Structure formats: structure tokens, C-alpha cells
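Working notes for the structure below.
The residues of the chain are indexed from 1 along the displayed sequence. The figures here come from the full heavy-atom set of this structure, side chains too, leaving out hydrogens, waters and symmetry mates. Only a predicted model underlies this, so the values are computations on that prediction, with no experimental measurement involved.
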Amino acid sequence: GLCLSKRAPNSGMAQFQEVMRKQLEASMHKELEKLLSTTKGIEAEVGVKDFEGFKKIFHSFLQAKGPSVDWAKIYRPPEDLIQPYDKIKARGLPENVAESLNKLVVVKLNGGLGTSMGCKGPKSLISVRNENTFLDLTVQQIEHLNKTYNVDVPLVLMNSFNTEEDTKKILQKYAHHRLKIHTFNQSKYPRINKESLLPVAKDMSTLGENAEAWYPPGHGDIYASFRNSGLLDQLITEGKEYIFVSNIDNLGATVDLHILNHLMSQPDGKRCEFVMEVTDKTRADVKGGTLIEYDGKLRLLEIAQVPKAHVDEFKSVSKFKIFNTNNLWISLPAVRRLQEQNSVDMEIIVNPKTLDGGLNVIQLETAVGAAIKSFDNALGINVPRSRFLPVKTTSDLLLVMSNLYSLEAGSLTMSKKREFPTTPHVKLGSSFTKVHDFLTRFESIPDMLELDHLTVSGDVTFGKQVSLKGTVIIIANHGDRIDIPAGAMLENKIVSGNLRILDH
């Protein structure tokens, strides 16, 4: 295997490493040319653009020297760089909200599959509430905005080659809704062999055994692929100025008029080009990226960039109190300028994977928020936790399907009947991991208005109209089964052992 040692002790060693790097790069470029020669037409044109981006990231990867931050230079950001949401909300809204809305585009990151929840196809097509999918809820929100203010806010979906086909099929169902929907595709990058650092793909197709040879390179790819698609220029020509970017599985990421107004009301010279919504960490969020001040700029610090000796410090809630929700407001002209100057600077995330056949590969990725340091007058806004409601697991799904939330015009809000604003802590065991299994285990979703904590482990089912309050722990040991009877009310209870309720 090839090993590039991190620091050269002398210049001879440095020269040798430089030669090695150049050789690796030349071999890579040759392999990419070979791959391109297996295709033609539109696919080849797209391939050329994708590979331009991949060559850049591969070049940076070969130059990398260990963790990318010097811990001694990290500072907590000054107060004025992370503004409390209440302060921004207190300014109120102007008469001409419509004018601002007409300059906005909503972008949803739609590259992910539902595999972690046991579903085939794009994650955005999983039903979350009253038969509505993530995509349905997004469409309802924007349509409501367009009707209420008589504006034209378009929806843009960033798909990956994994989600493109299924998403495009489903979009026909929104043809007569009051919003324009555009899509563009994330790049397609080759996974590389961990030893040889060369692509594992034999040709450009993503079918059959070649499917594992390619990957979408993380959402940091939005800047290049948005521009490459031609959509960026088209939207600027239409008079659009800002995009609001978020993950499609974050149900709290709705268009916020106060943040939009804050962006639009800055004087021309001090236009804020990038806003990152952050929120206070809880114990569940210790791995989330945080904002720091570094070399006089706001910067996103991810756990992967932290030197091993400082990981515990990074996770501490006292030193780094906030984390990135990945709700971002970004200036379109700024994205175009940075892409033209080739100066979007993002740290590379090296993601190791093992293919089905046992081959070790790496994929090089970037994160959209990492580019914050390339934009002018960037700002963090500390928003309420309600703007961060991601559905990553069936435990999250249970919360959003329950009476803790009410649904209005595609937006979920915490029920007025819940006395404390925090969401309960829910941990469902492995029998609930897949959405299908999860749904068969609940005859109806329990009343959870007064729940603080729920842990369920083993073979457990819930009858109709169960009510859960306080702390409830239900554990069925291996070989046992617990059926919680219809209408049961469990308050501060631990249920264990075996309980079968069968139809007579």
C-alpha cells in the first residue's frame, strides 16, 4: 500500500513525497480519462464537469497534513457574530414582506436514501404524518407561503444519482400546485481503493456491481453542482438573491420571515452573505459541528477535524454551547462569485467504507456549512430548538406522528397542551428500526403529551389508545413478548417479563 507520511523531516523527503503525489495524481487523471472514454453524449459532458470537481478534492486530499485545525487558535465567537433569534425577531416585519420573499429560493437537500430506516428509495418519500411524506410537507409549506403573500418562491431539490429517478417520477403529482419545482443533480464521484488510491469503477454506469463504485460527495457539493446545472445563473437572472438550504428530513426547517428580513435589511456594503442557524446543544447533540472563531473568521468545526486529544473538550456542552442545524441562508451572487474565483474553501471529510466484497475504499466528501469562512459578513443565529426537528430514526418518527405536534399547512408545531417545551427522550430498540416493523407494532400512536422519557427494548407491541406519562421503560427479554393492552395508561412505570394478549 502507499503511505504518505504526514511531516517530512528534511527537504529530500519532501521532494520525494512531492514526486509521489504527482505520480498518484497523474495515475488518477489517466484512470478518469479511461472512465470517460466508456461513455458519450450528455453523460460524458456531465462526467467531465464532475471529474473537474473530483480532481480538485483529490489534489487537496493528497496535500492534507493531519487534523486541519490548530487547537490553540480556536476561540469562542464574539457575541455579535452569533445573534440570538429573539433579538432578530424583536425588529418586527416590514410591510413589504412579499418583496423579500420574491427574492428567495428554498433548496432542500434530497440526495439521501431511506435505507437506515429500512425503506427503499429516496428518504423524502417516507410517510411521516397523515400519509404525508417529507416532500409533501415541504410542498404544502411553500405553497401556503406563495398563496398567503401572493409571491413566487420556487422549490429546488438537490438530488443524487440515487434519488433522481424516483423523485422526478413523483414530482408529476405536484404539477397543478402553486409553486415551481426545479431539480439538479449532485456530482457523481468515484470511490477510490484505500491502498492504490485509484477508482474502483470499471465504467461510468451506476448499475449492477458497479453501483458501489460511485457516491454523491456530501452536501458541500451544492456550490459546484448548482452552478454546473445552469440553475444558479437562471435564478439570479429571475431576480433571486438568497437560498434557504436545509435537509429535507428536518421538519423544523420552514421559511422564517424574521431571518429573511434581517438578511434583506442590511446596508449594501454590509450584506450578510451567509447565515447559519445554530441551536443550543443538549446531551444528544455532542457530535454536532459547532461555530468557532479562527483567524478572525467564523468557521464550522466538525468532530472529524478535532485532534484526538481534544475530542472530549469538543463534546463538552460548556465550552461549545451550540451546534449547526444545517439550516443555512446563502447569497446567490456570492456563490457565483466564489465559484468563478474557485475560492470556496471546505475541509475534506475522508469517509472510509467497506464494499460488499470486502474491499476497503475511501470517499472524499465536503459539508455545505464548512464554506462559511469563504463568505463575507457571515453570521450565526441562535434559533429555538423547534427549528431543528430531524427524523433520522423511528424514535424520531414516533415523536412527529404523535399528539405532541399539530400539523398546519405542512408545518409541525409543538402542541399547546404540552406544558414544557422540550421533546421527550425516546429510545426504541432494534425491533423498531425499520418503518414497516415500527408501524406494525403500534395499533395507534400513544398519547405522549406528558411523556418525559420512553425506552422500549425487545418484542413489544402497543394496543390502541395507550397513554404514556413521565418515565416509561418497557423491556421484553429474549424469547419474551410484551403486549401493552389497548387503553392502558402507564405513568412512571417499568414493565418487564412476559405479557401476551391474544384474540379469543
Side-chain angles (χ1 to χ4, degrees), residues 93-111 121-159 163-185 222 226 229-264 277 327-332 386-387 389 391 400 405-413:
L93 290 173
E95 291 294 299
N96 60 346
V97 173
E99 202 181 310
S100 298
L101 278 167
N102 275 325
K103 295 177 183 172
L104 180 70
V105 176
V106 173
V107 179
K108 292 286 183 185
L109 304 173
N110 186 46
K123 184 165 179 187
S124 57
L125 306 184
I126 294 175
S127 282
V128 255
R129 179 102 187 191
N130 312 355
E131 305 302 305
N132 289 304
T133 64
F134 290 104
L135 187 54
D136 291 334
L137 294 176
T138 301
V139 167
Q140 287 165 26
Q141 285 165 23
I142 298 174
E143 197 178 21
H144 177 69
L145 214 50
N146 285 340
K147 284 178 178 165
T148 307
Y149 295 96
N150 191 24
V151 289
D152 173 26
V153 177
L155 169 64
V156 172
L157 299 171
M158 178 164 89
N159 299 328
T163 61
E164 176 195 21
E165 222 176 298
D166 293 333
T167 302
K168 282 191 166 159
K169 272 186 209 146
I170 216 92
L171 288 182
Q172 294 156 4
K173 90 181 209 196
Y174 308 116
H176 302 294
H177 287 246
R178 185 161 164 189
L179 82 166
K180 290 198 196 83
I181 303 181
H182 306 279
T183 63
F184 70 94
N185 265 352
I222 185 171
F226 201 8
S229 70
L231 199 49
L232 177 71
D233 290 330
Q234 181 192 324
L235 291 165
I236 291 176
T237 308
E238 289 173 16
K240 306 297 183 193
E241 290 181 19
Y242 280 95
I243 49 176
F244 170 48
V245 182
S246 63
N247 300 351
I248 199 153
D249 65 7
N250 177 8
L251 294 175
T254 56
V255 171
D256 185 279
L257 298 175
H258 297 283
I259 296 178
L260 179 64
N261 179 45
H262 179 78
L263 290 173
M264 292 296 181
E277 294 185 34
N327 300 350
L328 310 166
W329 304 73
I330 309 172
S331 152
L332 281 172
S386 57
R387 292 192 55 72
L389 184 57
V391 180
V400 301
Y405 292 96
S406 55
L407 178 65
E408 207 177 329
S411 299
L412 285 181
T413 45

Handout entry: Asp152: partners by salt bridge (Lys or Arg N to Asp or Glu O under 4.0 Å), with sequence neighbours left out
Key = Lys180
Exercise for the section: Please list, chain by chain and in numerical order, all residues satisfying side-chain contact (heavy atoms from CB on, under 4.5 Å) with His262, sequence neighbours excluded. Expected result: Ile88, Arg91, Gln266, Leu379
Fill in the blank from the handout: The salt bridge (Lys or Arg N to Asp or Glu O under 4.0 Å) partners of Arg129 (sequence neighbours excluded) come to none
Handout entry: Nearest non-hydrogen partners of Val151 and Leu145, listed with the distance
Key = CG2-O, 3.8 Å
Practice task
Let me know which of Leu328, Val107, Val156, Leu232 forms a side-chain contact (heavy atoms from CB on, under 4.5 Å) with Ile222.
Solution key: Val107
Problem - With Glu241 via salt bridge (Lys or Arg N to Asp or Glu O under 4.0 Å) - residues at least two apart - result: Lys103, Arg271
Completion exercise
Heavy-atom closest pair (Thr133 atom, Leu125 atom, distance to 0.1 Å) is CG2-O, 3.3 Å
Problem - Which residues share a side-chain contact (heavy atoms from CB on, under 4.5 Å) with Asp233, sequence neighbours left out - result: Arg227, Arg336
Problem - Test side chain to side chain donor-acceptor pair (under 3.5 Å) applied to Asn250 - qualifying residues, sequence neighbours left out - result: Asn327
Exercise for the section: Only counting residues at least two apart or in another chain, list the ones meeting salt bridge (Lys or Arg N to Asp or Glu O under 4.0 Å) with Lys123. Expected result: Asp249
Practice task
With the side chain counted from C-beta on, respond yes when Ile142 and Arg178 share a heavy-atom pair under 4.5 Å apart, and no when they do not.
Solution key: no
Problem - With sequence neighbours excluded, residues passing side-chain contact (heavy atoms from CB on, under 4.5 Å) with Asn185 - result: Asn159, Glu164
Handout entry: Which residues share a ring pair (Phe, Tyr, Trp, His ring centres under 6.0 Å) with His182, sequence neighbours left out
Key = none
Problem - Contacts of Ser229 that satisfy side chain to side chain donor-acceptor pair (under 3.5 Å) - sequence neighbours left out - result: none
Exercise for the section: Report the residues that fulfil side chain to side chain donor-acceptor pair (under 3.5 Å) with Thr138, sequence neighbours left out, ordered by chain and then residue number. Expected result: none
Handout entry: Min side-chain heavy-atom separation Leu332-Phe226 under 4.5 Å
Key = yes
Practice task
Only counting residues at least two apart or in another chain, list the ones meeting side chain to side chain donor-acceptor pair (under 3.5 Å) with Glu408.
Solution key: none
